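As the structure is a prediction and not an experimental result, all values here were calculated from the model.
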Amino acid sequence: MRVPCQAYRGLLTALVCVLLLSISAGAQTWRQVGPPGGDVQSLAAVPGSTRTLFLGTSDGHVFGSRDGGEHWDLLGRIGEHHDDVIMSMLVDARSADTLYATSWALGSHGGGVYRSADAGHMWQLIGLEGLVVRAIAQAPSNPDILVAGATAGVYRSEDSGKHWVRISPEKHDDLRNFDSIAIDPRDPNTIYAGTYHLPWKTVDGGKNWAPVHQGMVDDSDVMSITIDQNDAAHIFASACSGIYHSLDGGANWSKFKGIPNDSRRTVHILQDPKRPTTVYAATTTGLWKTADDGASWRLITPASWSILSMLIDPENSDRLILGTERLGVQVSDNGGQTYRAANQGFSHRRIVDAAVDPQRPERVLVVLTSNFEPMLETKDAGRTWTPLATGLKSGPPRHIFASPDGWFAAPGPGGLLHYDLSIRAWLPVNQVIEKSAPAKARSGATAKTGTSPQNGKAPGSKAAAGSSASTTIKSTVLLHAKVNDMAFGDGVWYAATEEGLLESRNRGMDWSAISFAPAAQASPANSAGNGSASVRAVRTGNGNSYVWALTSRQLEVSGDGGKSWIARSLPFEPRGSLHLHATDENTVVLASGHGVFVSRDAGESWKQANLSELSIDDMVPVRNNVVVSTAAGDLFLSRDSGKTWGRMDGPNGEGTISALRSREAGNQLVAASATEGLYVLEMGNAASADANADRDLPAGNK
């Protein structure tokens, strides 16, 4: 049978698509380079040892270590969302491969109880779906029994989590918002449960509950309960009001003294398994220790450490493993006298921006969502990191930039800082303001300026008495505009700000405004601003000849180093993030919430690329390639200056990308993960996209 020509072309197109979709992704190898550490929400160990450890994060990721925390590997994720906070974890007493975890989520999907049967790689939701579950415990005398504390009540399973039954009364005014659970080591029906308000106890598996808070400060959020393994009547409880212990099974409580009020938010309280009178209190302001059953306490970590979880090695109780906020895992081998970081393989920093030194690509600066360590720098490609925050006064900056002369930072309130290596601190830069004003000075007088005089005179400042001519008045003030982007040409640097485009001819120390008005209209009067147009991005090319400035309204193009400008209309209504890349003097690529657009005639006309319905978060050139990241966390690559695109594999399967940068010297793509630190990809032969085909794109983009 003869196939019609049109049908034949359709079959051929389909065959080509099948072949393209089957192309191998290539040997991509993303390498994580830190910074090490981050938030450790929960820790768990195989019973009887801390050789095998598990770590839960605030976005559902589970890490594991087989050597006591010296090395960590990302194992898997609980849930399907990025806001699942792993509140507690435990390892089944019968199998080191069976783990349980509880979660709560920032979104409306709640949380639940999860189980892994393969040592943390794959997880299954096994109960309490949609509930905020903050605590879980396994009965020491019967491992089939699990008890979970949720905001809605206490739940119990007698078959290792297959079925769950509420054992607390429904809609009780006080038996809700549970934060901690403990089970008597000999009697699984005796359960202690701490609420946001006070602790409760049942001795019949939940049929009846009684408040046990005599001696406690009212309205105490009981965050942890610990039972003395040598004496089941000896109970410890930590609350926002302090640390308590009871010698009669919770009937009466006494508060430990010696811990300051500002350290009484105790997240965990643990008893030394070999020294019963030694107790540790993990607080949000450091770790406290008593060696005399609470008679006296001392702080054994910096007060700046916020400790979210803690383990004591049962084989060597001098070995402490702390899960901290921001600093990752900290280990002490001598009972808290000294500590060392144990974060190799664990990088869970939330990076919001990154910069790579163009002269020394092994130097990278990152901005973290942390006032404790807002900026970190590596000088050796990620092997070591050091804080770089001296001089910052307003927290993490909005953006950072790598100039030929070092780092620049744009603080949130506005302005621009330069990192001065000589004093190892951030210093503000200046803006030179030029205005025209009628000369009113008497003969021989000069107008005051804020600039340094040359040969004893300020240029252009002298005016004859009675003259009606205008004069240029210059003043120097600290730059205050919010900076969105920077570009570094040969001798001229540019800053895109919310108040217009600025240029510097002294390597970033002083900045002057550039007017987008035609050359015939440009003057000192209007050079103080350019219509207050917000400039979102700026790029230079061919030395200093070509400058592209993307404003909130249009694209401004200059072919003479900023002396004159031509305005080009944008192919979309600007919104969200806007990114600009110029391949040559005619080829310009724009990326936005509308997708990607390409111009081959310096912005006179535009064509939409095959990423039309994607919201683009960032864009970066890598040698002859262009890479974009989307709001959904996907990466796409173009090898033909933005004409066609193909999908790339990201550094991890589900994380989003907060920033893309490149190392031109090594043809490397640098990706800052929103949660997992910094990654580097060798782009030589690792790109997975066939840039001549729109394969593997989302629906609506083919």
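The CD atom of Glu676 sits 9.5 Å away from atom OG1 of Thr656, with the distance rounded to the nearest 0.5 Å. For the atom pair Thr266 OG1 and Ile307 CD1, the distance stands at 10.0 Å (nearest 0.5 Å). Interatomic distance, Ile400 CD1 to Met375 CE, rounded to the nearest 0.5 Å: 5.0 Å. Atom CD1 of Ile235 and atom CD1 of Ile225 lie 8.5 Å apart (nearest 0.5 Å). The distance from atom OG1 of Thr290 to atom NZ of Lys257, rounded to the nearest 0.5 Å, is 14.0 Å. Here the CG atom belonging to Leu311 is positioned 10.0 Å from the OG atom belonging to Ser42, to the nearest 0.5 angstrom.
For the pair Asp84 and Ala105, the tightest heavy-atom approach, listed with the atom from each and the gap, is OD1-CB, 3.7 Å. Between Trp30 and Ala671 the shortest heavy-atom distance is CZ3-CB, 3.7 Å. Residues Gly415 and Pro411 come closest through the heavy atom pair O-CD, 3.3 Å. Across all their heavy atoms, Gly508 and Phe408 have their closest contact at O-CE2, 3.8 Å. When all heavy atoms are compared, the tightest approach of Ile227 to Pro185 is CG2-CD, 3.9 Å. When every heavy atom of Gly111 is checked against every heavy atom of Leu125, the shortest pair comes out as O-CD1, 4.4 Å.
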Original post:
Run the side-chain contact (heavy atoms from CB on, under 4.5 Å) check on Leu368 and Arg326 step by step: do they pass?
Top reply: CA-CA 10 Å; Leu368 309 174; Arg326 300 181 297 266; over 6 Å; no

**OP:** Report the C-alpha separation of Asp420 and Ser422 in whole Å, then their side-chain angles, then the decisive distance to 0.1 Å, and conclude whether the side chain to side chain donor-acceptor pair (under 3.5 Å) test is met.
**Re:** CA-CA 6 Å; Asp420 191 324; Ser422 63; 2.4 Å; yes

**OP:** Please report the C-alpha distance between Val356 and Val364 in whole Å, then the side-chain angles of each, then the deciding distance to 0.1 Å, and finally whether the side-chain contact (heavy atoms from CB on, under 4.5 Å) criterion is met.
**Re:** CA-CA 5 Å; Val356 180; Val364 181; 4.3 Å; yes

Original post:
Is there a salt bridge (charged side-chain N to carboxylate O under 4.0 Å, His left out) between Asp333 and Arg340 once you walk through the steps?
Top reply: CA-CA 9 Å; Asp333 296 310; Arg340 56 186 173 84; 3.1 Å; yes

**OP:** Tell me, with the steps shown, if Ser88 and Thr102 meet side chain to side chain donor-acceptor pair (under 3.5 Å).
**Re:** CA-CA 5 Å; Ser88 61; Thr102 70; 2.7 Å; yes

**OP:** For side-chain contact (heavy atoms from CB on, under 4.5 Å), just list the numbers for Val222 and Tyr192, CA-CA rounded to whole Å, side-chain angles, deciding distance to a tenth of an Å, and then say yes or no.
**Re:** CA-CA 11 Å; Val222 181; Tyr192 297 87; over 6 Å; no

Original post:
Stepwise, does the side-chain contact (heavy atoms from CB on, under 4.5 Å) test hold for Glu373 with Trp385?
Top reply: CA-CA 11 Å; Glu373 287 181 336; Trp385 294 82; over 6 Å; no

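Between His172 and Trp200, the ring centre distance stays below 6.0 Å.
A donor-acceptor contact shorter than 3.5 Å links the side chain of Gln271 to the backbone of Pro276. Without hydrogens or angle criteria, Trp72 side chain to Ala342 main chain gives a donor-acceptor distance under 3.5 Å. With Trp253 contributing its side chain and Val212 its backbone, the two residues share a donor-acceptor pair below 3.5 Å. With hydrogens and angles ignored, the 3.5 Å screen pairs a side-chain donor or acceptor of Asp618 with a backbone N or O of Leu660. Side chain of Ser332 to main chain of Thr338: a donor-acceptor pair is present (N/O by atom type, distance under 3.5 Å, no hydrogens or angles). Under a 3.5 Å cut-off, the side chain of Ser658 and the backbone N or O of Ile351 do form a donor-acceptor pair. Side-chain atoms of Tyr419 do not come within 3.5 Å of backbone N or O of Ala409 as any donor-acceptor pair. Put simply, the side chain of Ser220 never gets that close to the backbone of Leu198: no donor and acceptor are under 3.5 Å apart. Proximity of a side-chain donor or acceptor of Thr50 to a complementary backbone N or O of Asp313 within less than 3.5 Å is not detected. In this structure, the side chain of His268 engages the main chain of Leu308 through a donor-acceptor pair within 3.5 Å.
For the side-chain hydrogen bond (donor to acceptor under 3.5 Å, both in side chains) test, residues two or more places apart in sequence or in another chain that qualify with Glu377 are Arg363, Trp407.
Using a 30° and 60° split on the angle between ring planes, His245 and Phe236 fall in the parallel class, below 30°. Between His399 and Phe401, the ring-plane angle classifies as tilted under the 30° and 60° cut-offs.
For the pair Leu417/Val429, no side-chain contact is recorded, criterion being any heavy-atom separation below 4.5 Å from C-beta on. In this structure, Asp617 and Ile657 have side chains that are not in contact, with every pair of non-hydrogen atoms separated by 4.5 Å or more. Two residues are said to be in side-chain contact when any heavy atoms from C-beta on lie closer than 4.5 Å; Leu53 and Leu55 fail this criterion. In this structure the side chain of Val147 reaches within 4.5 angstrom of the side chain of Val154, judged on heavy atoms. Between Lys255 and Ile243 there is no side-chain heavy-atom pair separated by less than 4.5 Å. At least one side-chain heavy atom of Val329 sits less than 4.5 Å from a side-chain heavy atom of Asn343. In this structure, Val40 and Phe346 have side chains that are in contact, with non-hydrogen atoms separated by less than 4.5 Å. Using a 4.5 Å heavy-atom threshold, the side chains of Gln138 and Asp92 count as touching.
By the neighbour-count criterion of 12 heavy atoms within 6.0 Å, atom CZ of Arg275 is densely surrounded, having more than that number from other residues, nucleotides or ligands. When the shell of 6.0 Å around CZ of Arg360 is examined, it contains more than 12 heavy atoms from other residues, nucleotides or ligands. At most 12 heavy atoms of other shown residues, nucleotides or ligands fall within 6.0 angstrom of atom CD in Gln214. Counting heavy-atom neighbours within 6.0 Å of Asp173 CG, excluding the residue itself, gives a total of 12 or less.
Residues Thr378 and Asp380 have side chains that bring a donor and an acceptor to within less than 3.5 angstrom of each other. There is a side-chain donor-acceptor pair under 3.5 Å between Asp59 and Thr57. Looking at Asn484 and Arg398, their side chains do bring a donor and an acceptor atom within 3.5 Å of each other. Judged purely by distance below 3.5 Å, without hydrogens or angles, the side chains of Ser180 and Ser224 never pair a donor atom with an acceptor atom.
Each of Thr284, Leu327, Leu287 was checked for a side-chain contact (heavy atoms from CB on, under 4.5 Å) with Trp305, and the lone residue meeting it is Leu327. Looking at Glu325, Gln41, Arg350, His348 one by one, the single match for side-chain hydrogen bond (donor to acceptor under 3.5 Å, both in side chains) with Ser58 turns out to be Arg350.
Ion pair Arg661/Asp353 flagged as a salt bridge, since at least one NZ, NE, NH1 or NH2 atom sits closer than 4.0 Å to an Asp/Glu carboxylate oxygen.
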